[in-house]
*Asks:* 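Quick one: structure below, then a few questions.
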Amino acid sequence: MDQASITQFIATTFGGVDVVVGSQDAGSPEISWGDTFFIYDPDRSLEGSRRFPFATIVTKDYGEFDNASNLDRPGIFRLNVGVSKETYRSLFDADGDYDFTARDQLMPHPVYGRNHWICVLNPSEETVEKLKPLVAEAYDLAVKRYPRPRSGKDAG
């Protein structure tokens with residue numbers, strides 16, 4: 001499945017999602033230009049670090065920091081999804097050994113796995129079908145984290 005299809009799925013399936021493609025116009029750091037960030041922000045009111053994505057599509061290595069997937073290969077992208085600790089632990093062996101360059105394989109994120117992020121390079125349609133509940137979980141977690149306005153009696 002291609003990046004556009006994955007983006008369309010997430011943008012049309014989940015309400016309140018702000019799809020941001022990193023660019024100079026968006027004020028994104030240059031390293032993120034062309035990458036896609038899915039942020040639950042129904043009011044488009046979050047700013048700065050509060051605009052944290054629940055899923056991303058990354059198209060290139062981030063220098064020495066995040067290069068284990070070798071994303072600089074032609075046509076390679078990585079879908080990243082943040083899941084719960086419980087889900088993450090149910091998916092992966094703590095002592096597992098992963099080939100972070102392998103396509104169409106669900107695996108821990110090479111950098112953010114410790115934060116319960118999973119990833120797949122160039123997922124097939126079959127793999128995306130398996131990922132849909134995980135993306136839904138990530139979305140639900142983002143909805144729960146979204147700041148709620150304080151009621152009048154609590155504001156006091």
Side-chain angles (χ1 to χ4, degrees), residues 1-84 87-88 90-92 96 98-147:
M1 186 170 254
D2 65 12
Q3 296 175 57
S5 298
I6 295 168
T7 298
Q8 181 179 8
F9 161 70
I10 294 173
T12 60
T13 302
F14 304 104
V17 174
D18 191 9
V19 178
V20 177
V21 177
S23 68
Q24 185 173 12
D25 291 342
S28 308
E30 187 172 352
I31 191 72
S32 70
W33 292 358
D35 294 340
T36 306
F37 304 87
F38 303 95
I39 303 162
Y40 179 72
D41 186 8
D43 301 323
R44 306 302 191 263
S45 61
L46 297 178
E47 295 180 13
S49 64
R50 297 182 80 195
R51 291 186 54 77
F52 193 79
F54 64 89
T56 65
I57 297 174
V58 177
T59 59
K60 65 196 143 318
D61 289 339
Y62 275 48
E64 294 297 315
F65 172 71
D66 182 2
N67 62 8
S69 296
N70 193 17
L71 297 174
D72 289 340
R73 295 175 284 163
I76 301 295
F77 67 93
R78 186 179 64 210
L79 173 63
N80 308 299
V81 181
V83 297
S84 70
T87 296
Y88 183 87
S90 75
L91 292 170
F92 306 112
Y98 301 93
D99 175 1
F100 294 113
T101 66
R103 298 177 191 185
D104 199 30
Q105 300 293 314
L106 181 64
M107 60 191 129
H109 187 286
V111 175
Y112 296 113
R114 65 182 175 266
N115 300 107
H116 316 117
W117 279 74
I118 62 173
C119 69
V120 178
L121 275 63
N122 294 60
S124 65
E125 288 187 32
E126 181 179 326
T127 299
V128 169
E129 283 301 314
K130 293 176 185 174
L131 285 170
K132 285 181 178 180
L134 300 173
V135 175
E137 176 182 311
Y139 170 81
D140 290 344
L141 290 169
V143 170
K144 288 176 186 171
R145 283 191 305 263
Y146 190 76

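We number each residue from 1, following the sequence as shown.
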*Asks:* Are any side-chain N or O atoms of D72 and backbone N or O atoms of K60, one a donor and one an acceptor, separated by less than 3.5 Å?
*Replies:*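 Not confirmed, D72 side chain does not pair with K60 backbone.
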*Asks:* Report the residues that fulfil ring-ring contact (aromatic ring centres under 6.0 Å, His included) with F100, sequence neighbours left out, ordered by chain and then residue number.
*Replies:* none
*Asks:* For the residue pair Y88 and H116, categorise the inter-ring angle as parallel (less than 30°), tilted (30 to 60°) or perpendicular (more than 60°).
*Replies:* perpendicular
*Asks:* Under the side-chain hydrogen bond (donor to acceptor under 3.5 Å, both in side chains) rule, collect the residues that match up with S69, sequence neighbours excluded.
*Replies:* R78
*Asks:* Can you list the residues that meet the ring-ring contact (aromatic ring centres under 6.0 Å, His included) rule with Y146, with sequence neighbours excluded?
*Replies:*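 In terms of ring-ring contact (aromatic ring centres under 6.0 Å, His included), with neighbours along the sequence ignored, Y146 is linked to Y40.
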*Asks:* Excluding sequence neighbours, so at least two apart, what forms side-chain contact (heavy atoms from CB on, under 4.5 Å) with N115?
*Replies:*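 Result, side-chain contact (heavy atoms from CB on, under 4.5 Å) vs N115: Y112, W117.
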*Asks:* Can you pull the side-chain hydrogen bond (donor to acceptor under 3.5 Å, both in side chains) pairs that have at least one residue in residues 3-13, sequence neighbours excluded?
*Replies:*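 side-chain hydrogen bond (donor to acceptor under 3.5 Å, both in side chains) check on residues 3-13 returns D2-S5.
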*Asks:* Measure the CE-CG distance between M1 and L79 for me, rounded to the nearest 0.5 Å.
*Replies:*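 Result: 10.5 Å between the selected atoms.
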*Asks:* Please list, chain by chain and in numerical order, all residues satisfying salt bridge (charged side-chain N to carboxylate O under 4.0 Å, His left out) with E47, sequence neighbours excluded.
*Replies:* none
*Asks:* Who pairs with Q105 by side-chain contact (heavy atoms from CB on, under 4.5 Å), at least two apart in sequence or on another chain?
*Replies:* A102, M107
*Asks:* Is the closest side-chain donor-acceptor distance between T87 and S90 under 3.5 Å?
*Replies:*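 S90 and T87 do not have a side-chain donor-acceptor pair below 3.5 Å.
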*Asks:* Answer yes or no: are there more than 12 heavy-atom neighbours, outside R50 itself, under 6.0 Å from its atom CZ?
*Replies:* no
*Asks:* Residues two or more places apart in sequence or in another chain: which of them pass side-chain hydrogen bond (donor to acceptor under 3.5 Å, both in side chains) with N70?
*Replies:*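 By the side-chain hydrogen bond (donor to acceptor under 3.5 Å, both in side chains) rule, N70 matches no residue at all.
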*Asks:* Only counting residues at least two apart or in another chain, list the ones meeting salt bridge (charged side-chain N to carboxylate O under 4.0 Å, His left out) with R44.
*Replies:* D18
*Asks:* When you compare the side chain of I31 with that of P29, does any pair of heavy atoms fall below 4.5 Å?
*Replies:*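 Yes. Closest side-chain heavy atoms under 4.5 Å.
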*Asks:* How would you list, by chain and number, every residue that makes a ring-ring contact (aromatic ring centres under 6.0 Å, His included) with Y62, sequence neighbours excluded?
*Replies:* none
*Asks:* To the nearest 0.5 angstrom, please state how far the OG1 atom of T127 sits from the CG atom of N122.
*Replies:* 10.5 Å
*Asks:* Mind checking salt bridge (charged side-chain N to carboxylate O under 4.0 Å, His left out) for D41 and listing every partner two or more places apart, or none if nothing turns up?
*Replies:* R51
*Asks:* Hey, does L106 have a side-chain heavy atom less than 4.5 Å from the side chain of L134?
*Replies:*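 Answer yes - side chains close enough.
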*Asks:* Is D66 close to H109 at the side-chain level, that is, under 4.5 Å between some pair of heavy atoms?
*Replies:* yes
*Asks:* For F14, which residues count as a ring-ring contact (aromatic ring centres under 6.0 Å, His included) partner, sequence neighbours excluded?
*Replies:* F9, Y139
